[in-house]
Amino acid sequence: MGSSKQLRWYNIAVIAFVSVWGLGNVVNNYATQGISVIFSWILIMILYFIPYALIVGQLGSTFKDSSGGVSSWVKNTTTKKIGYFAAWTYWVVHIPYLAQKPQQIVIAFNWIFKQNGTFIQEAGSTVTSFLSLIIFLFFLWVASKGLTTLKRIGSIAGTAMFIMSLLFILLAISAPLINQQATLATPNMGSLKTYLPTFNLNYFTTISMLVFAVGGAEKISPYVNDTKNPAKEFPKGMLALAAMIAVCAILGSFSMGMLFDSNNIPKDLMANGAYVAFGKLGVYYGVGNLFVVIYAIAQALAQISALAFSIDAPLKILLADSDKEFIPASFAKMNENDVPLKGYALTGILVSILIIVPGLGMKSMNELYNWLLNLNAVVMPLRYLWVFFAFMMVNKLHKDFTSEYKFIRRPKLGYLVGLWCFLFTAFACLLGIIPKDIYADNPTSWLFKLSLNIITPIVLLALGFIFPILARRQNKLKD
């Protein structure tokens with residue numbers, strides 16, 4: 001057996017777990033659903049995440065020589081033009097993601113130095129927007145100078161964040177055994193009814209956050225063919241991954257229920273929840289704010305690295321994997337630091353607009369933070385649609401493709417499973433557009449957010465039609 005075939009199922013599970021999971025997934029979904037999110041985690045694992053991960057495995061095995069990921073899968077099963085739009089989607093959905101990173105950096109530093117969450121509660125959205133813009137533009141400049149140091153910092157911080165996520169569960173579950181003051185904040189946690197959600201419109205608008213949380217499995221596709229026996233080892237690894245995430249999601253959500261009353265969730269839980277939770281655990285264990293400071297430092301470093309890296313990596317994928325007839329040569333031109341300056345400029349313009357404009361119509365930083373996080377939950381899963389589309393096409397054209405690992409051997413059934421995941425993702429994104437605020441509280445703000453939720457993804461995706469037109473014009477001038 002060659003050295004390239006040394007990964008076992010447990011290696012795959014751990015690699016995927018580190019890249020997909022984080023404490024934020026627990027906090028954000030508890031903030032939208034409360035303790036009933038435990039029931040939702042079980043459903044999302046069975047109905048969505050397990051088939052999603054196994055679909056990625058088959059696509060990675062089928063296109064083992066393709067380096068472009070999702071866009072390569074689409075291009076190989078359809079046309080270069082459709083492959084370009086897949087690559088464009090993968091890049092452009094990172095715009096809202098980049099717009100929120102500066103907010104998370106500000107919050108982390110506030111907790112490092114002041115060790116409280118007052119800033120997000122007191123700061124106005126306009127001040128927050130301009131502060132976020134300054135931070136973003138600074139790291140846009142940093143990214144243009146090279147990312148080696150930031151990648152190393154991000155790797156260390158990412159590992160620390162992963163450890164803190166697991167430590168949170170261990171500390172919370174053990175707290176009642178250590179300190180009698182650690183009582184359950186949510187009443188009736190021993191009753192099954194407490195964990196059953198109410199299946200109404202408000203519930204379905206929160207599904208996109210769950211999809212957002214478990215997304216990203218396509219990152220592990222390059223490892224499929226590095227396993228000793230892909231047909232057996234990879235699915236076993238993915239089932240282990242699903243079990244690990246399910247355990248962490250359930251225990252993490254239960255831990256949140258111990259610390260925060262599910263019937264009275266703080267409005268700033270998405271932004272401050274993890275810090276407050278570690279603060280409470282620090283009191284129980286007699287170490288004060290030690291856990292808070294450690295988590296805040298790790299969070300700050302991880303977000304700084306993610307901000308700079310996410311400026312560069314998705315753009316490089318767009319330029320590398322799209323055919324030149326769809327990307328203007330001037331846009332793809334690199335400088336001496338291997339940086340596409342015009343690509344960085346467009347990124348800067350789009351992110352700046354998304355930072356400034358929403359802040360003009362919202363009152364507080366907390367309102368802006370929650371809205372932008374929900375927008376990410378609507379926009380980011382759009383790239384997963386291309387994964388399921390590619391899987392549907394592979395099954396439709398099954399005679400043209402071979403794979404060492406197959407999730408489903410019957411093409412018609414495989415096509416239907418891909419269609420189910422596609423429709424489920426689209427359903428979650430569409431309903432996620434509806435703002436989580438109660439309309440009656442502030443109809444003007446609610447309508448403003450709804451308008452932005454509709455306009456933003458349409459504009460971001462529509463911009464992709466401009467590049468092929470510009471590319472054709474430049475190619476004609478060359479000819």
Side-chain angles (χ1 to χ4, degrees), residues 20-22 24-34 36-56 70 74 85-86 89-90 92-97 100 196-219 241-242 245-246 249-250 253 270 370-392 415-437 446 449-461:
V20 171
W21 195 246
N25 296 325
V26 173
V27 175
N28 295 334
N29 282 284
Y30 185 85
T32 59
Q33 293 191 23
S36 65
V37 76
I38 290 177
F39 182 86
S40 300
W41 281 123
I42 296 172
L43 284 183
I44 203 77
M45 289 295 145
I46 297 172
L47 298 177
Y48 185 77
F49 180 70
I50 292 176
Y52 171 27
L54 296 176
I55 283 171
V56 166
V70 179
V74 174
F85 282 111
T89 304
Y90 182 87
V92 84
V93 296
H94 282 81
I95 298 301
Y97 179 81
Q100 184 150 58
L196 297 179
T198 301
F199 293 101
N200 53 22
L201 179 61
N202 184 64
Y203 173 81
F204 288 114
T205 63
T206 65
I207 293 177
S208 61
M209 191 67 74
L210 289 164
V211 172
F212 181 37
V214 299
E218 63 275 4
K219 298 174 186 175
L241 168 65
I245 290 180
I250 291 170
S253 300
M270 285 187 176
N370 289 348
W371 168 78
L372 197 48
L373 183 59
N374 280 292
L375 178 66
N376 270 288
V378 172
V379 175
M380 191 63 80
L382 292 175
R383 62 178 175 155
Y384 311 151
L385 292 174
W386 290 109
V387 175
F388 306 128
F389 173 76
F391 186 68
M392 290 162 63
Y415 186 93
L416 290 175
V417 171
L419 180 61
W420 155 254
C421 291
F422 183 97
L423 293 176
F424 185 87
T425 305
F427 172 78
C429 291
L430 285 173
L431 285 185
I433 288 174
I434 302 173
K436 308 304 180 288
D437 313 58
W446 190 89
K449 293 173 188 175
L450 177 63
S451 300
L452 289 176
N453 288 350
I454 295 172
I455 293 171
T456 302
I458 291 176
V459 170
L460 292 178
L461 294 176

* Would Leu373 and Phe212 satisfy side chain to side chain contact (heavy atoms under 4.5 Å, CB included), going step by step from the backbone distance to the final call? -> CA-CA 10 Å; Leu373 183 59; Phe212 181 37; 4.3 Å; yes
* Donor-acceptor pair, Thr206 side chain versus Tyr203 backbone, under 3.5 Å? ->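 Flag set: sc Thr206 to bb Tyr203 pair under 3.5 Å.
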* Has the side chain of Asn28 got a donor or acceptor atom that lies under 3.5 Å from a matching backbone atom of Gly24? -> yes
Taking the side chain as everything from C-beta on, heavy atoms only, tell me whether [X] gets closer than 4.5 Å to [Y].
X	Y	result
Ile44	Phe424	yes
Lys436	Asn374	yes
Val214	Leu210	no
Val70	Arg383	no
Val37	Thr32	no
Asn29	Ser253	no
Leu460	Pro96	yes
Val378	Thr456	no

side-chain contact (heavy atoms from CB on, under 4.5 Å) partners of [X], counting only residues at least two apart:
X	value
Leu423	Leu419
Leu196	Phe39
Ile250	Ile38, Ile42
Ala246	Met45

Which atoms form the tightest heavy-atom contact between [X] and [Y], and what is the distance?
X	Y	value
Leu382	Pro457	CD1-CB, 4.3 Å
Met380	Tyr97	CE-CB, 3.7 Å
Asn25	Val20	ND2-O, 3.6 Å
Ala428	Ser208	O-CB, 3.3 Å
Ala249	Val26	CA-CG2, 4.4 Å
Tyr384	Gly215	OH-CA, 3.3 Å

Donor-acceptor list for residues 47-56 side chains, cut-off 3.5 Å, not counting sequence neighbours:
{"from": "Tyr48", "atom 1": "OH", "to": "Thr425", "atom 2": "OG1", "distance (Å)": "2.7"}
{"from": "Tyr52", "atom 1": "OH", "to": "Gly216", "atom 2": "N", "distance (Å)": "3.1"}
{"from": "Tyr52", "atom 1": "OH", "to": "Ala217", "atom 2": "N", "distance (Å)": "3.4"}
{"from": "Tyr52", "atom 1": "OH", "to": "Glu218", "atom 2": "OE1", "distance (Å)": "2.5"}

Separation of [Y] [atom2] from [X] [atom1] (nearest 0.5 Å):
X	Y	atom1	atom2	result
Met270	Asn370	CE	CG	5.5 Å
Trp371	Asn376	CH2	CG	9.0 Å
Ile434	Asn202	CD1	CG	9.5 Å
Ile95	Leu375	CD1	CG	11.5 Å
Phe199	Ser36	CZ	OG	8.5 Å
Cys429	Ile207	SG	CD1	11.0 Å

* Just jot down the ring pair (Phe, Tyr, Trp, His ring centres under 6.0 Å) partners of Trp386, sequence neighbours excluded, or say none. =>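 In terms of ring pair (Phe, Tyr, Trp, His ring centres under 6.0 Å), with neighbours along the sequence ignored, Trp386 is linked to Phe389.
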* To do: Would you sort out whether Phe422 and Phe391 count as a side chain to side chain contact (heavy atoms under 4.5 Å, CB included), showing the intermediate values?
  => CA-CA 10 Å; Phe422 183 97; Phe391 186 68; over 6 Å; no
